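Structure first, commentary second.
No hydrogens, no waters, no symmetry mates; every other heavy atom, side chains included, goes into these values. Because the structure is predicted, anything quoted here is derived from the model rather than measured. The chains referred to below are lettered A, B, ... by the order of the sequence lines, with proteins before strands, and numbering in each begins at 1.
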Amino acid sequence: MVDFKKMSKRTSPNGYSYFRELTFREDYYSHVPTRYLVVDTETTGTKLFQGCQAFAVSAVDHKGEAWFWRFKVNAKTRNVIVDRDKLKDIEEVVSSYSHHVFHHGKFDVRALQTIGIDLTKLQDFWLGFRDTLLYSHVCDSTEDHGLKDLAKKYLNVSNDDEEALHAAVIKARRANKKLGNSTAEKVQEDYFLAGAELDKYALCDVVDRTEPLFRMYVDVVRSEKLAYQVAREHALVPLVFDMESKGLRIRTKTLELERKRYERLAMEEGAKAHKIAVSSGMPKDFNPRSSQQLQALLFDKYKLPVGKFTASGANSTDAETLKDLLDGCGETSKAGKFLSSLLLSRKSYKACDYLTEYQSLCVNGIIHPSFNQTGTNTTRFSSSDPNAQNVSTKSDMPLRIVFGPRLDHYWIDADYDNLEMRLFAYACGEEELIKAFESGESVHRVIAEELNGPISTWKELNKDDWKKSPEYKRTKNGNFALIYGAGISRADATYGVSGAFDRIRKRFKKLASFMQTTIDKAKANGYVQTMFGYRLSVPQDRAYAALNYFIQGTAGCVMKYAMLAFSEDTDISKLGGSMVGTVHDELISEFKHEDEQQQLIAANSVKRAMESPGVRLGIPLTISPSVIYRDWTKPSEIKTTFVSQF
DNA sequence: GCCAATAGCCAC
DNA sequence: AAACGTGGCTATTGGC
């Protein structure tokens with residue numbers, strides 16, 4: 001087992017000071033500053049890179065003195081009409097405090113930038129920055145972190161103000177529409193149309209909600225000794241803020257060409273499917289994107305055999321089911337022709353939808369995904385507008401091709417090698433698996449041989465590439481299922497070997513006992529702690545997920561520390577490198593193109609930064625950086641020379 | 001017109 | 001009751 005107590009030394013690996021620095025800062029986050037200002041903004045929408053702006057600012061200070069400023073909004077263009085005097089006033093008040101409290105401050109700081117107020121320029125702004133959203137996640141990672149929900153739950157503040165505002169906005173929208181102005185998709189984005197209801201609501205948010213919540217959380221964090229974790233989340237905010245500002249370059253020409261290509265394919269195949277459906281007796285307005293109408297055709301008209309069911313008991317029409325049906329009825333039958341056109345058009349629609357979304361969020365060739373520190377139950381980031389963490393890598397839909405480094409720049413794209421499985425093996429202390437990791441042998445293969453016999457006896461062994469053999473692939477999936485908390489039957493089915501789960505537990509005894517202890521702990525305490533001590537509450541009715549929380553949570557922590565290391569690495573800052581995105585175990589950073597020697601320094605530095613959390617844990621986390629010149633689908637290998645010291 | 005539920009599918 | 005985790009986005013559908 002890893003001796004987590006050893007870590008209390010708070011030493012920092014490879015010369016990085018972030019662990020020590022966070023310890024120093026614990027005091028900041030477990031005490032209420034003597035003077036502070038709570039700030040909130042109201043905006044014309046959430047997409048601040050797409051023209052949405054702040055139109056109102058509310059604030060209250062430690063003494064209870066409150067302010068409210070509001071700007072006019074042009075209802076036609078949705079542009080905020082900025083009043084210079086008010087702006088000056090806001091700046092004067094805000095800059096007279098060294099501590100600023102927000103709920104989701106990253107958003108408010110960005111919102112204020114849209115009207116020309118840049119808080120990040122204030123002296124030591126990020127040091128005085130406090131965010132109740134971050135406190136909320138540290139104190140209870142699983143609960144809803146929305147300001148209204150928290151205030152209702154902990155302060156018993158009603159949502160009357162929001163309901164009144166909502167009603168007023170719906171009314172105002174109708175009037176606005178009559179004037180010929182378009183309304184936003186969501187009611188919240190039209191809050192600027194309301195009158196006094198908005199003013200009241202905005203003040204409530206700071207006076208009755210954020211300010212008292214802040215004081216409450218500081219107490220909780222002090223008494224439950226969570227300040228270190230709060231410090232870590234706060235330390236990340238400026239890095240994430242800069243990462244979002246930087247954004248990813250979109251290869252706009254490729255995007256448009258690909259979008260058109262997928263669109264054409266979607267239309268063509270959709271038309272074929274439609275024609276067949278109508279000739280089979282479906283109405284002329286038959287919509288192949290409707291699962292209900294599909295069910296009527298496939299299971300009522302064609303009488304195809306029912307496969308699996310959806311959560312609510314309907315006959316599933318997902319791709320897996322349709323492929324099975326296609327295998328069953330053959331490609332030449334009417335139903336078969338329909339199904340193959342449908343599958344292709346659906347896939348193409350999907351690609352087209354993604355690309356259309358990217359296009360709509362692209363500004364001057366750059367896209368700025370949000371990375372949300374509190375968006376998951378497990379310390380992972382979530383990403384939105386667009387979600388940069390689910391860009392298709394499929395060979396028949398390689399959408400990563402539309403993302404790439406800026407001109408005269410390259411990316412260092414590095415991901416951890418089998419991060420979660422590795423953390424699992426080391427956390428268990430399972431020597432044989434650890435040995436496999438340290439010798440570079442495939443752990444999936446070790447387990448595959450346990451379940452299927454020696455590799456030489458595998459039935460469908462592909463000699464050139466055993467990783468493509470079904471034995472290997474099934475085992476890999478099974479290992480993931482294990483980490484995800486699968487039960488016996490699901491695990492066995494995924495491994496494709498009956499009794500697989502039990503055999504693994506018998507062979508790897510420490511793995512079995514670690515799984516059980518983790519679940520027991522979660523049942524007893526209501527939470528598990530990652531290897532770095534971040535507390536993750538586990539829903540009581542789903543204790544089986546505890547292992548996943550532990551592993552995924554530890555992996556999430558690894559990435560967060562890696563990002564801290566990246567930002568304090570002097571070689572990287574000398575090269576002007578900056579992070580542009582992360583996909584859970586992958587970190588993408590951008591550097592200006594100079595020469596090969598500098599590129600090697602960049603790759604080595606990224607490797608050093610990303611491996612440093614492993615040094616701290618005593619777990620060798622290996623990463624292999626690659627270089628990207630043109631687009632995200634084409635990494636080229638770079639030989640690094642850096643070796644982490646344990 | 002508004003909203004929530006449902007289904008489907010992309011990533012790790 | 002069910003038991004494979006964490007997310008985000010779009011389209012359809014039906015209730016109010």
Check whether [X] reaches the backbone of [Y] with its side chain - one donor and one acceptor, N or O, closer than 3.5 Å.
X        : Y        : result
A:Arg251 : A:Ile401 : yes
A:Asp492 : A:Gly499 : yes
A:Thr321 : A:Gly307 : no
A:Glu143 : A:Ser537 : no

NA contact type, [X], heavy-atom cut-off 4.0 Å: base, sugar-phosphate, or nothing?
X        : answer
A:Asn287 : sugar-phosphate
A:Lys171 : nothing
A:Arg174 : nothing
A:Glu420 : nothing
A:Asp385 : sugar-phosphate

Evaluate the criterion side-chain contact (heavy atoms from CB on, under 4.5 Å) for residue pair A:Arg542 and A:Val538; output intermediate values, then yes/no.
CA-CA 7 Å; A:Arg542 293 167 63 214; A:Val538 179; 5.6 Å; no
Taking 4.0 Å as the cut-off, does a side-chain nitrogen or oxygen of A:Lys186 come that near to OP1 or OP2 on B:dC2?
no
B:dC2 phosphate, OP1 or OP2, under 4.0 Å from A:His166 side-chain N/O
no
Whether A:Arg289 engages the ring of A:Tyr349 as a cation-pi pair (distance to the six-membered ring centre under 6.0 angstrom, angle to the ring normal within 45°) should be assessed.
yes
Ionic contact status for A:Arg78 with A:Asp190, cut-off 4.0 Å
yes
Positional range of nucleotides in DNA chain C within the contact set of chain A, heavy-atom, under 4.0 Å
C:dA3 to C:dG14
Roughly how many Å apart are B:dA5 and C:dC4, using the C1' atom of each and rounding to a whole number?
23 Å
Distances under 3.5 Å only, N/O to N/O: pair up the protein atoms with those of nucleotides 4-6 of chain B.
residue: B:dT6; atom: O3'; partner: A:Ser312; partner atom: OG; Å: 3.4

Measure all distances between protein nitrogen or oxygen atoms and nitrogen or oxygen atoms of nucleotides 9-12 of chain B, and list the pairs falling under 3.5 Å.
residue: B:dC9; atom: OP1; partner: A:Ala319; partner atom: N; Å: 3.3
residue: B:dC9; atom: OP1; partner: A:Arg346; partner atom: NH1; Å: 3.1
residue: B:dC9; atom: OP2; partner: A:Ala319; partner atom: N; Å: 3.1
residue: B:dC9; atom: O4'; partner: A:Lys350; partner atom: NZ; Å: 3.4
residue: B:dC9; atom: O2; partner: A:Lys350; partner atom: NZ; Å: 3.3
residue: B:dC10; atom: O4'; partner: A:Tyr354; partner atom: OH; Å: 2.8
residue: B:dC10; atom: O2; partner: A:Asn390; partner atom: ND2; Å: 2.7
residue: B:dA11; atom: OP1; partner: A:Thr393; partner atom: N; Å: 3.0
residue: B:dA11; atom: OP1; partner: A:Thr393; partner atom: OG1; Å: 3.2
residue: B:dA11; atom: OP1; partner: A:Lys394; partner atom: N; Å: 3.4
residue: B:dA11; atom: OP2; partner: A:Lys394; partner atom: NZ; Å: 2.9
residue: B:dC12; atom: O3'; partner: A:Asp585; partner atom: OD1; Å: 3.0
residue: B:dC12; atom: O2; partner: A:Arg380; partner atom: NH1; Å: 2.9
residue: B:dC12; atom: O2; partner: A:Arg380; partner atom: NH2; Å: 3.0

Are A:Tyr191 and A:Tyr201 an aromatic pair by the rule of ring centers under 6.0 Å?
yes
Indicate, with yes or no, if the rings of A:Phe550 and A:Phe514 have centres closer together than 6.0 Å.
yes
